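Please read all numbers here as calculations on a predicted model, not as lab measurements. Order of the sequence lines fixes the chain letters, A, B, ..., with proteins taken first and strands second; residue numbering starts at 1 for each chain. Side chains are part of it too, since the values below use all heavy atoms of this structure and drop only hydrogens, waters and symmetry mates.
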There are 2 protein chains.
Amino acid sequence: MGIKDDAVEVRAQGWRTLAALHGLIEAELERSLQGQAQLSVVEYTVLDALSRQDGWHMRMQQLARATALSASATTRLVNRLEDRGLLTRILCADDRRGIYTELTDSGNKLLAEARPVHDAALERTLAEAQQVPELAPLVDALPRLHAGV
Amino acid sequence: MGIKDDAVEVRAQGWRTLAALHGLIEAELERSLQGQAQLSVVEYTVLDALSRQDGWHMRMQQLARATALSASATTRLVNRLEDRGLLTRILCADDRRGIYTELTDSGNKLLAEARPVHDAALERTLAEAQQVPELAPLVDALPRLHAGV
DNA sequence: AACTAATTGTTGCACACGCAAATATAGCGC
DNA sequence: GCGCTATATTTGCGTGTGCAACAATTAGTT
(Lines give C-alpha, C1' and ligand atoms only; values in the text may rest on other atoms or scores of the structure.)
Protein backbone atom coordinates (compact mmCIF):
# COMPACT_ATOMS: atom_id res chain seq x y z
CA MET A 1 0.00 0.00 0.00
CA GLY A 2 1.79 3.16 -1.16
CA ILE A 3 0.87 6.76 -0.68
CA LYS A 4 -0.98 6.84 -3.95
CA ASP A 5 -3.19 3.90 -3.04
CA ASP A 6 -4.05 5.59 0.24
CA ALA A 7 -5.22 8.68 -1.59
CA VAL A 8 -7.53 6.57 -3.71
CA GLU A 9 -9.04 4.92 -0.65
CA VAL A 10 -9.41 8.25 1.16
CA ARG A 11 -11.28 9.68 -1.81
CA ALA A 12 -13.53 6.63 -2.02
CA GLN A 13 -14.34 6.85 1.66
CA GLY A 14 -15.03 10.56 1.41
CA TRP A 15 -17.40 9.87 -1.44
CA ARG A 16 -19.21 7.16 0.50
CA THR A 17 -19.66 9.54 3.43
CA LEU A 18 -20.91 12.28 1.13
CA ALA A 19 -23.38 9.92 -0.52
CA ALA A 20 -24.61 8.57 2.81
CA LEU A 21 -25.25 12.02 4.26
CA HIS A 22 -26.88 13.15 1.03
CA GLY A 23 -29.21 10.18 1.04
CA LEU A 24 -30.16 10.72 4.66
CA ILE A 25 -30.95 14.41 4.20
CA GLU A 26 -32.81 13.93 0.94
CA ALA A 27 -34.99 11.15 2.35
CA GLU A 28 -35.97 13.23 5.37
CA LEU A 29 -36.61 16.37 3.32
CA GLU A 30 -38.73 14.30 0.96
CA ARG A 31 -40.88 12.99 3.80
CA SER A 32 -41.32 16.39 5.43
CA LEU A 33 -41.97 18.43 2.30
CA GLN A 34 -44.22 15.84 0.72
CA GLY A 35 -46.20 15.47 3.94
CA GLN A 36 -46.57 19.12 4.89
CA ALA A 37 -46.39 21.04 1.61
CA GLN A 38 -47.19 18.56 -1.19
CA LEU A 39 -43.76 19.21 -2.69
CA SER A 40 -40.95 16.86 -3.61
CA VAL A 41 -37.36 17.88 -2.91
CA VAL A 42 -36.63 18.79 -6.53
CA GLU A 43 -39.87 20.74 -6.77
CA TYR A 44 -38.87 22.70 -3.70
CA THR A 45 -35.42 23.22 -5.18
CA VAL A 46 -36.94 24.77 -8.30
CA LEU A 47 -39.16 27.15 -6.37
CA ASP A 48 -36.30 28.09 -4.07
CA ALA A 49 -33.87 28.63 -6.94
CA LEU A 50 -36.38 30.85 -8.74
CA SER A 51 -37.08 32.90 -5.63
CA ARG A 52 -33.39 33.41 -4.96
CA GLN A 53 -33.11 35.03 -8.38
CA ASP A 54 -34.95 37.99 -6.83
CA GLY A 55 -38.07 37.71 -8.93
CA TRP A 56 -36.08 37.33 -12.10
CA HIS A 57 -36.31 34.63 -14.76
CA MET A 58 -34.40 31.41 -15.15
CA ARG A 59 -33.89 29.38 -18.29
CA MET A 60 -34.67 25.69 -18.44
CA GLN A 61 -31.01 24.82 -18.63
CA GLN A 62 -30.07 26.84 -15.56
CA LEU A 63 -32.87 25.05 -13.76
CA ALA A 64 -31.52 21.70 -14.94
CA ARG A 65 -28.11 22.55 -13.50
CA ALA A 66 -29.57 23.88 -10.27
CA THR A 67 -31.47 20.63 -9.73
CA ALA A 68 -28.81 18.26 -11.10
CA LEU A 69 -31.49 16.88 -13.41
CA SER A 70 -31.50 16.01 -17.10
CA ALA A 71 -33.07 18.34 -19.62
CA SER A 72 -36.03 16.07 -20.19
CA ALA A 73 -36.71 15.64 -16.48
CA THR A 74 -36.58 19.42 -16.12
CA THR A 75 -39.17 19.86 -18.88
CA ARG A 76 -41.60 17.55 -17.13
CA LEU A 77 -40.84 19.01 -13.70
CA VAL A 78 -41.68 22.48 -14.97
CA ASN A 79 -44.80 21.04 -16.62
CA ARG A 80 -46.01 19.70 -13.30
CA LEU A 81 -45.39 22.98 -11.49
CA GLU A 82 -46.98 24.98 -14.30
CA ASP A 83 -50.06 22.73 -14.23
CA ARG A 84 -50.36 23.46 -10.51
CA GLY A 85 -50.11 27.18 -11.23
CA LEU A 86 -46.92 27.64 -9.22
CA LEU A 87 -44.87 29.09 -12.08
CA THR A 88 -45.29 30.32 -15.65
CA ARG A 89 -43.33 29.84 -18.84
CA ILE A 90 -42.30 33.04 -20.59
CA LEU A 91 -41.06 32.96 -24.16
CA CYS A 92 -37.95 35.06 -24.48
CA ALA A 93 -37.89 37.61 -27.30
CA ASP A 94 -34.15 37.96 -27.91
CA ASP A 95 -33.49 34.21 -28.16
CA ARG A 96 -36.55 32.41 -29.39
CA ARG A 97 -35.15 29.01 -28.44
CA GLY A 98 -34.99 29.97 -24.78
CA ILE A 99 -37.84 29.74 -22.31
CA TYR A 100 -37.88 31.61 -19.04
CA THR A 101 -39.74 30.46 -15.97
CA GLU A 102 -41.07 32.72 -13.26
CA LEU A 103 -42.79 32.14 -9.94
CA THR A 104 -46.46 33.04 -9.69
CA ASP A 105 -47.97 34.57 -6.56
CA SER A 106 -49.31 31.14 -5.76
CA GLY A 107 -45.81 29.70 -6.12
CA ASN A 108 -44.33 32.32 -3.83
CA LYS A 109 -47.04 31.64 -1.30
CA LEU A 110 -46.45 27.90 -1.26
CA LEU A 111 -42.71 28.43 -1.02
CA ALA A 112 -43.20 30.69 1.98
CA GLU A 113 -45.12 27.89 3.65
CA ALA A 114 -42.64 25.20 2.66
CA ARG A 115 -39.43 27.01 3.59
CA PRO A 116 -39.76 26.67 7.37
CA VAL A 117 -40.65 23.00 6.93
CA HIS A 118 -37.56 22.53 4.79
CA ASP A 119 -35.26 24.41 7.14
CA ALA A 120 -36.53 22.59 10.20
CA ALA A 121 -36.14 19.19 8.57
CA LEU A 122 -32.63 20.08 7.49
CA GLU A 123 -31.63 21.18 10.97
CA ARG A 124 -33.18 18.10 12.52
CA THR A 125 -31.50 15.72 10.10
CA LEU A 126 -28.08 17.32 10.49
CA ALA A 127 -28.39 17.03 14.26
CA GLU A 128 -29.32 13.38 13.84
CA ALA A 129 -26.41 12.76 11.45
CA GLN A 130 -24.04 14.32 13.94
CA GLN A 131 -24.76 11.40 16.25
CA VAL A 132 -23.49 8.97 13.61
CA PRO A 133 -19.70 8.68 14.03
CA GLU A 134 -19.18 8.06 10.33
CA LEU A 135 -21.07 11.22 9.33
CA ALA A 136 -20.20 13.63 12.14
CA PRO A 137 -16.98 15.07 10.64
CA LEU A 138 -18.75 15.98 7.40
CA VAL A 139 -21.65 17.52 9.28
CA ASP A 140 -19.19 19.63 11.23
CA ALA A 141 -17.34 20.70 8.10
CA LEU A 142 -20.48 21.77 6.25
CA PRO A 143 -21.26 25.08 7.97
CA ARG A 144 -17.63 26.14 7.75
CA LEU A 145 -17.81 26.16 3.95
CA HIS A 146 -19.82 29.35 3.82
CA ALA A 147 -19.15 30.70 7.26
CA GLY A 148 -19.04 34.33 6.08
CA VAL A 149 -22.74 34.20 5.14
CA MET B 1 -31.52 39.19 10.10
CA GLY B 2 -30.40 37.80 13.43
CA ILE B 3 -27.81 35.20 14.26
CA LYS B 4 -30.37 32.44 14.14
CA ASP B 5 -31.52 33.34 10.62
CA ASP B 6 -27.93 33.30 9.45
CA ALA B 7 -27.45 29.77 10.75
CA VAL B 8 -30.49 28.64 8.78
CA GLU B 9 -29.14 30.18 5.61
CA VAL B 10 -25.66 28.74 6.17
CA ARG B 11 -27.16 25.27 6.58
CA ALA B 12 -29.25 25.67 3.45
CA GLN B 13 -26.26 26.78 1.44
CA GLY B 14 -24.17 23.91 2.76
CA TRP B 15 -26.90 21.50 1.72
CA ARG B 16 -27.09 23.00 -1.77
CA THR B 17 -23.33 22.64 -2.15
CA LEU B 18 -23.46 19.06 -0.90
CA ALA B 19 -26.27 18.20 -3.29
CA ALA B 20 -24.54 19.86 -6.22
CA LEU B 21 -21.28 18.00 -5.69
CA HIS B 22 -23.14 14.75 -5.12
CA GLY B 23 -25.04 15.15 -8.37
CA LEU B 24 -21.89 15.95 -10.30
CA ILE B 25 -19.98 12.95 -8.99
CA GLU B 26 -22.87 10.53 -9.36
CA ALA B 27 -23.54 11.58 -12.95
CA GLU B 28 -19.91 11.12 -13.94
CA LEU B 29 -19.57 7.79 -12.14
CA GLU B 30 -22.76 6.64 -13.83
CA ARG B 31 -21.41 7.47 -17.28
CA SER B 32 -18.02 5.87 -16.68
CA LEU B 33 -19.21 2.71 -14.96
CA GLN B 34 -22.11 2.17 -17.34
CA GLY B 35 -19.88 2.71 -20.34
CA GLN B 36 -16.87 0.66 -19.29
CA ALA B 37 -18.22 -1.98 -16.93
CA GLN B 38 -21.98 -2.27 -17.61
CA LEU B 39 -22.66 -1.27 -14.01
CA SER B 40 -24.77 1.49 -12.54
CA VAL B 41 -23.51 3.40 -9.52
CA VAL B 42 -25.77 1.55 -7.06
CA GLU B 43 -24.82 -1.77 -8.59
CA TYR B 44 -21.16 -0.91 -8.10
CA THR B 45 -21.94 0.20 -4.56
CA VAL B 46 -23.43 -3.20 -3.79
CA LEU B 47 -20.48 -5.14 -5.16
CA ASP B 48 -18.04 -2.84 -3.40
CA ALA B 49 -19.89 -3.06 -0.08
CA LEU B 50 -19.97 -6.85 -0.29
CA SER B 51 -16.27 -7.07 -1.10
CA ARG B 52 -15.36 -4.78 1.78
CA GLN B 53 -17.02 -7.28 4.11
CA ASP B 54 -14.03 -9.52 3.39
CA GLY B 55 -15.92 -12.27 1.67
CA TRP B 56 -18.56 -12.30 4.36
CA HIS B 57 -22.31 -12.05 3.94
CA MET B 58 -24.60 -9.07 4.07
CA ARG B 59 -28.31 -9.01 4.75
CA MET B 60 -30.74 -7.27 2.45
CA GLN B 61 -31.37 -4.57 5.02
CA GLN B 62 -27.71 -3.76 5.49
CA LEU B 63 -27.46 -3.50 1.73
CA ALA B 64 -30.44 -1.16 1.68
CA ARG B 65 -28.72 1.11 4.20
CA ALA B 66 -25.40 0.96 2.39
CA THR B 67 -27.04 2.06 -0.85
CA ALA B 68 -29.54 4.50 0.67
CA LEU B 69 -32.26 2.59 -1.14
CA SER B 70 -35.69 1.33 -0.11
CA ALA B 71 -36.20 -2.32 0.75
CA SER B 72 -38.11 -3.00 -2.44
CA ALA B 73 -35.50 -1.36 -4.64
CA THR B 74 -32.87 -3.45 -2.90
CA THR B 75 -34.78 -6.65 -3.66
CA ARG B 76 -34.89 -5.85 -7.37
CA LEU B 77 -31.31 -4.63 -7.42
CA VAL B 78 -30.15 -7.93 -5.94
CA ASN B 79 -32.40 -9.75 -8.43
CA ARG B 80 -30.66 -8.06 -11.34
CA LEU B 81 -27.20 -8.83 -10.01
CA GLU B 82 -28.17 -12.41 -9.20
CA ASP B 83 -29.59 -12.89 -12.71
CA ARG B 84 -26.25 -11.77 -14.09
CA GLY B 85 -24.48 -14.25 -11.86
CA LEU B 86 -22.56 -11.61 -9.92
CA LEU B 87 -23.85 -12.62 -6.49
CA THR B 88 -25.89 -15.35 -4.83
CA ARG B 89 -28.64 -15.37 -2.25
CA ILE B 90 -28.01 -17.58 0.76
CA LEU B 91 -30.82 -18.46 3.11
CA CYS B 92 -29.72 -18.03 6.69
CA ALA B 93 -30.34 -20.93 9.01
CA ASP B 94 -30.53 -19.16 12.37
CA ASP B 95 -33.03 -16.51 11.21
CA ARG B 96 -35.15 -17.84 8.40
CA ARG B 97 -36.50 -14.41 7.57
CA GLY B 98 -33.04 -13.15 6.70
CA ILE B 99 -31.29 -13.59 3.38
CA TYR B 100 -27.58 -13.22 2.96
CA THR B 101 -25.93 -12.17 -0.26
CA GLU B 102 -22.43 -13.10 -1.31
CA LEU B 103 -20.24 -12.20 -4.25
CA THR B 104 -19.55 -14.92 -6.81
CA ASP B 105 -16.19 -15.29 -8.52
CA SER B 106 -17.71 -13.60 -11.52
CA GLY B 107 -18.82 -10.72 -9.31
CA ASN B 108 -15.37 -10.33 -7.81
CA LYS B 109 -13.87 -10.36 -11.28
CA LEU B 110 -16.17 -7.66 -12.61
CA LEU B 111 -15.58 -5.58 -9.51
CA ALA B 112 -11.83 -5.83 -10.01
CA GLU B 113 -12.32 -4.46 -13.51
CA ALA B 114 -14.72 -1.74 -12.44
CA ARG B 115 -12.80 -0.44 -9.43
CA PRO B 116 -10.06 1.38 -11.37
CA VAL B 117 -12.72 2.89 -13.62
CA HIS B 118 -14.61 4.08 -10.56
CA ASP B 119 -11.55 5.45 -8.81
CA ALA B 120 -10.32 7.26 -11.90
CA ALA B 121 -13.72 8.83 -12.56
CA LEU B 122 -13.91 9.94 -8.94
CA GLU B 123 -10.48 11.54 -9.02
CA ARG B 124 -11.24 13.24 -12.34
CA THR B 125 -14.58 14.62 -11.17
CA LEU B 126 -13.18 15.92 -7.88
CA ALA B 127 -10.41 17.71 -9.78
CA GLU B 128 -13.03 19.20 -12.06
CA ALA B 129 -15.21 20.25 -9.13
CA GLN B 130 -12.25 21.95 -7.51
CA GLN B 131 -12.28 24.42 -10.40
CA VAL B 132 -15.82 25.46 -9.51
CA PRO B 133 -15.57 28.19 -6.84
CA GLU B 134 -18.85 27.14 -5.24
CA LEU B 135 -17.71 23.53 -4.82
CA ALA B 136 -13.99 23.90 -4.12
CA PRO B 137 -14.19 24.28 -0.32
CA LEU B 138 -16.21 21.09 0.03
CA VAL B 139 -13.85 19.21 -2.28
CA ASP B 140 -10.95 20.35 -0.12
CA ALA B 141 -12.69 19.36 3.09
CA LEU B 142 -13.56 15.86 1.89
CA PRO B 143 -10.16 14.11 2.14
CA ARG B 144 -9.60 15.61 5.59
CA LEU B 145 -12.58 13.69 6.98
CA HIS B 146 -10.75 10.37 6.98
CA ALA B 147 -7.18 11.59 6.74
CA GLY B 148 -5.87 8.85 9.04
CA VAL B 149 -7.06 6.22 6.52
C1' DA C 1 -27.08 34.43 -49.05
C1' DA C 2 -26.84 29.53 -48.51
C1' DC C 3 -24.96 25.55 -45.72
C1' DT C 4 -23.48 23.54 -41.87
C1' DA C 5 -22.66 23.15 -36.99
C1' DA C 6 -24.03 24.17 -32.38
C1' DT C 7 -27.55 25.21 -28.86
C1' DT C 8 -32.23 24.97 -26.60
C1' DG C 9 -36.17 22.68 -25.38
C1' DT C 10 -39.62 18.74 -26.01
C1' DT C 11 -41.34 13.75 -26.85
C1' DG C 12 -41.02 8.23 -27.08
C1' DC C 13 -39.53 4.68 -24.59
C1' DA C 14 -37.77 1.58 -21.24
C1' DC C 15 -36.51 1.18 -16.59
C1' DA C 16 -35.54 1.92 -11.61
C1' DC C 17 -37.64 3.86 -7.69
C1' DG C 18 -40.82 4.46 -3.37
C1' DC C 19 -45.04 3.37 -1.03
C1' DA C 20 -48.35 0.30 0.58
C1' DA C 21 -50.01 -4.36 1.00
C1' DA C 22 -48.90 -9.19 1.37
C1' DT C 23 -46.17 -13.15 3.14
C1' DA C 24 -43.20 -15.44 6.32
C1' DT C 25 -40.69 -15.80 10.45
C1' DA C 26 -39.21 -14.36 15.19
C1' DG C 27 -39.96 -13.03 19.91
C1' DC C 28 -42.76 -12.09 23.93
C1' DG C 29 -46.56 -12.64 27.42
C1' DC C 30 -49.57 -15.77 29.45
C1' DG D 1 -48.98 -24.02 22.88
C1' DC D 2 -51.79 -19.63 21.49
C1' DG D 3 -52.17 -15.04 20.31
C1' DC D 4 -50.04 -10.59 19.42
C1' DT D 5 -46.66 -7.51 17.90
C1' DA D 6 -42.32 -6.63 15.54
C1' DT D 7 -39.03 -7.58 11.86
C1' DA D 8 -37.41 -9.20 7.05
C1' DT D 9 -38.26 -9.68 2.41
C1' DT D 10 -41.03 -9.70 -1.69
C1' DT D 11 -44.86 -8.16 -5.14
C1' DG D 12 -48.42 -4.64 -7.36
C1' DC D 13 -48.80 -0.26 -8.87
C1' DG D 14 -48.12 4.46 -10.18
C1' DT D 15 -44.63 7.83 -11.16
C1' DG D 16 -40.19 10.27 -12.12
C1' DT D 17 -35.91 9.66 -14.58
C1' DG D 18 -32.20 9.38 -18.33
C1' DC D 19 -31.04 8.45 -23.10
C1' DA D 20 -31.72 9.00 -27.78
C1' DA D 21 -34.23 11.05 -31.46
C1' DC D 22 -36.49 15.13 -32.88
C1' DA D 23 -37.88 20.10 -33.91
C1' DA D 24 -36.80 24.96 -33.73
C1' DT D 25 -33.61 28.67 -33.61
C1' DT D 26 -29.03 30.77 -33.68
C1' DA D 27 -24.13 31.35 -34.98
C1' DG D 28 -20.28 30.59 -37.87
C1' DT D 29 -18.10 29.77 -42.71
C1' DT D 30 -17.40 30.36 -47.31
Calculate the interatomic distance between [X] atom [atom1] and [N] atom [atom2]; express it in whole Å.
| X | N | atom1 | atom2 | answer |
| --- | --- | --- | --- | --- |
| A:L63 | C:dT10 | CG | P | 11 Å |
| B:E30 | D:dT17 | CD | P | 15 Å |
| B:I99 | C:dT23 | CD1 | C1' | 12 Å |
| B:D83 | C:dA16 | CG | P | 11 Å |
| B:L69 | C:dG18 | CG | C1' | 9 Å |
| A:M58 | C:dG9 | CE | P | 11 Å |
| A:D95 | C:dT8 | CG | C1' | 7 Å |
| B:R96 | C:dG27 | CZ | C1' | 15 Å |

May I ask you to check whether [X] and [Y] show a side-chain donor-acceptor distance below 3.5 Å?
| X | Y | result |
| --- | --- | --- |
| A:S51 | A:R115 | yes |
| B:T17 | A:H146 | yes |
| B:R89 | B:N79 | yes |
| B:S72 | B:S70 | yes |

According to a hydrophobic-cluster definition based on side-chain heavy atoms being under 4.5 Å apart (Ile, Leu, Val, Met, Phe, Trp, Tyr only), do A:L86 and A:I90 belong together? no
Please determine whether residues B:L24 and A:L138 belong to a single hydrophobic cluster, defined as Ile, Leu, Val, Met, Phe, Trp and Tyr linked transitively by side-chain heavy-atom distances below 4.5 Å. yes
Contact list please: residues 71-79 of chain A against DNA chain C, heavy atoms, distance less than 4.0 Å, in numerical order.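 DNA chain C contact set from residues 71-79 of chain A: A:A71, A:S72, A:T75, A:R76.
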Which is more 5' along DNA chain C, the nucleotide nearest A:Q62 or the one nearest B:S70? Just name the residue. A:Q62
Could you tell me whether B:W15 and B:H22 have their ring centroids closer than 6.0 angstrom? no
What contact category does B:R31 fall into here, base, sugar-phosphate, or nothing, at under 4.0 angstrom with non-hydrogen atoms?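 The residue B:R31 makes no contact with any strand.
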Return whichever of A:E43 or B:Q61 has its heavy-atom-nearest nucleotide of DNA chain D closer to the 5' end. B:Q61
Does any donor-acceptor pair link the side chain of B:R97 with the base of D:dT7 at a separation under 3.5 Å? yes
Heavy atoms from C-beta onward define the side chain here; which of C:dG9, D:dT9, C:dA26 lies closest to that of A:R59? C:dG9
